[in-house]
K.L.:
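The structure follows.
Heavy atoms only: backbone and side chains are in, while hydrogens, waters and symmetry mates are out. One-based numbering, in listed order, for ligands and for the atoms of each. Just so it is clear, the model here is predicted, and its values are computed rather than measured.
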Amino acid sequence: MMSLKAIAIDPQEYAALATVLAESNLMAQGLGGFDRKYYAFQDTTGWRLGVSTIEIYGRHAVLGAFLTMACHRAKGLGGQMLEELLEQLRAQGVTHVWLFARDDTGFLGKHGFKPATPQMVPDALRDNGQFADACAHARLLVRPLS
Ligand SMILES: CC(C)(COP(=O)(O)OP(=O)(O)OC[C@H]1O[C@@H](n2cnc3c(N)ncnc32)[C@H](O)[C@@H]1OP(=O)(O)O)[C@@H](O)C(=O)NCCC(=O)NCCS
């Protein structure tokens, strides 16, 4: 298994990364919080194998987009990258990771994301002005971090 690290990306590169997401028909679909951060998943040489966006609202995080670079897909890297990211979030005290899914790739379900019911949604997310709009355009999934 390859050794991977999730590294926060310099904001100067955000525009380039938004382009990478758009090339996979993926927009950062979180709640557009001011603290959205982009992460790159790098191997030990610094080579970037994928990217993700994360917004943190106290103990709750919103995964806005997640992708493996197209030429590296279906080798198990997406699963490794996701688990590495979740481990970092868990270490920061995050208890639940939320995601607004547009496409059903099956990938997220295999990694423990389940449809969320309205009662499960914490005020920290509901209070964001974008929340209702995001729910109207995508399915809300949650992965508890035990
Ligand atoms: C969804 C996505 C992130 C998966 O990334 P990935 O690196 O291909 O993920 P994995 O390789 O871990 O798993 C993908 C498949 O490869 C299979 N696989 C895992 N290890 C493998 C290996 N060593 N050899 C061959 N196949 C393998 C997995 O079983 C999985 O099979 P599935 O298609 O039946 O689910 C990637 O396809 C992507 O970036 N898509 C575009 C963006 C997107 O849709 N993101 C998700 C919503 S936010």
Side-chain angles (χ1 to χ4, degrees), residues 1-11 13-57 59-92 94-118 120-122 124-126 128-146:
M1 187 181 285
M2 194 181 290
S3 176
L4 292 169
K5 281 263 168 292
I7 311 279
I9 294 175
D10 189 306
E13 292 187 74
Y14 282 6
L17 284 156
T19 305
V20 169
L21 294 181
E23 280 169 4
S24 284
N25 292 323
L26 212 60
M27 315 261 278
Q29 290 176 61
L31 295 174
F34 67 92
D35 60 347
R36 174 180 286 169
K37 289 195 174 65
Y38 283 79
Y39 285 84
F41 299 95
Q42 299 183 175
D43 67 12
T44 48
T45 69
W47 196 258
R48 289 178 180 177
L49 303 166
V51 295
S52 178
T53 73
I54 283 286
E55 294 163 42
I56 298 192
Y57 299 82
R59 295 194 169 276
H60 297 269
V62 178
L63 189 59
F66 182 89
L67 75 77
T68 303
M69 298 304 183
C71 58
H72 293 298
R73 288 178 192 165
K75 297 178 195 165
L77 291 173
Q80 275 187 58
M81 295 186 323
L82 185 59
E83 294 305 327
E84 164 69 21
L85 182 64
L86 297 180
E87 191 49 49
Q88 285 202 14
L89 293 171
R90 192 182 283 121
Q92 291 174 45
V94 171
T95 58
H96 293 80
V97 180
W98 304 80
L99 186 141
F100 296 95
R102 278 191 318 193
D103 303 322
D104 188 4
T105 63
F107 175 81
L108 296 165
K110 276 189 189 163
H111 289 279
F113 282 86
K114 296 196 163 53
T117 58
M120 297 165 71
V121 177
L125 296 194
R126 210 190 297 275
N128 181 298
Q130 303 296 318
F131 182 77
D133 190 52
C135 285
H137 293 97
R139 290 174 306 122
L140 183 62
L141 306 179
V142 64
R143 155 105 194 235
L145 300 180
S146 50

K.L.:
Using a 4.0 Å cut-off to any heavy atom of L67, which atoms of ligand 1 qualify?
P.N.:
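So the atoms of ligand 1 that pass are 39 (O), 42 (C).
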K.L.:
Report the part of K110 in contact with ligand 1, treating N, CA, C, O as backbone and CB onward as side chain, heavy atoms under 4.0 Å; options are side chain, backbone, both, neither.
P.N.:
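The answer is the side chain of K110.
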K.L.:
Does the side chain of Q80 come under 3.5 Å of the side chain of E84 through a donor N or O and an acceptor N or O?
P.N.:
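There is no such pair (donor and acceptor under 3.5 Å, judged by atom type) between the side chains of Q80 and E84.
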K.L.:
Just jot down the ligand 1 atoms closer than 4.0 angstrom to any heavy atom of G79, in number order.
P.N.:
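Close to G79: 12 (O).
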K.L.:
So that I can tick it off, tell me whether E83 and K110 are bridged by a salt bridge, with the cut-off set at under 4.0 angstrom between side-chain N and carboxylate O.
P.N.:
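No, this pair does not count.
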K.L.:
Do G76 and ligand 1 have an N or O pair less than 3.5 Å apart?
P.N.:
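Checking ligand 1 against G76, an N or O pair does fall under 3.5 Å apart.
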K.L.:
Side chain, backbone, both or neither: which applies to F66 and ligand 1 if a contact is any heavy-atom pair less than 4.0 Å apart?
P.N.:
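It is both backbone and side chain that touch ligand 1.
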K.L.:
Could you measure the distance from the CG atom of L85 to the OH atom of Y39? Nearest 0.5 Å is fine.
P.N.:
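Between L85 CG and Y39 OH, I get 7.5 Å after rounding to 0.5 Å.
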K.L.:
Is it the side chain, the backbone, both or neither of T68 that has a heavy atom closer than 4.0 Å to ligand 1?
P.N.:
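The answer is both.
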K.L.:
CG/L89 to CD1/I54 distance, rounded to the nearest 0.5 angstrom?
P.N.:
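Separation between the atoms: 4.5 Å.
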K.L.:
For atom 8 (O) of ligand 1, which of the options A65, S52, A74 provides the nearest non-hydrogen atom?
P.N.:
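Looking at heavy atoms only, A74 sits closest to atom 8 (O) of ligand 1.
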K.L.:
Quick one: pull up CE in M69 and CH2 in W47 and give me the separation to the nearest 0.5 Å.
P.N.:
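Nearest 0.5 Å value for the CE-CH2 distance: 10.0 Å.
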K.L.:
Side chain to side chain contact (heavy atoms under 4.5 Å, CB included) with L99: which of L141, L140, V142?
P.N.:
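Per the side chain to side chain contact (heavy atoms under 4.5 Å, CB included) rule, the option paired with L99 is L141, out of L141, L140, V142.
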K.L.:
Between R73 and ligand 1, does any nitrogen or oxygen pair lie at a separation below 3.5 Å?
P.N.:
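For ligand 1, there is an N or O atom that lies under 3.5 Å from one belonging to R73.
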K.L.:
From K37 NZ over to E55 CD, what is the distance, rounded to the nearest 0.5 angstrom?
P.N.:
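The CD atom of E55 is 10.5 Å from NZ of K37, to the nearest 0.5 Å.
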K.L.:
For ligand 1, which part of K75 has a heavy atom less than 4.0 Å away: the side chain, the backbone, both, or neither?
P.N.:
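Backbone only.
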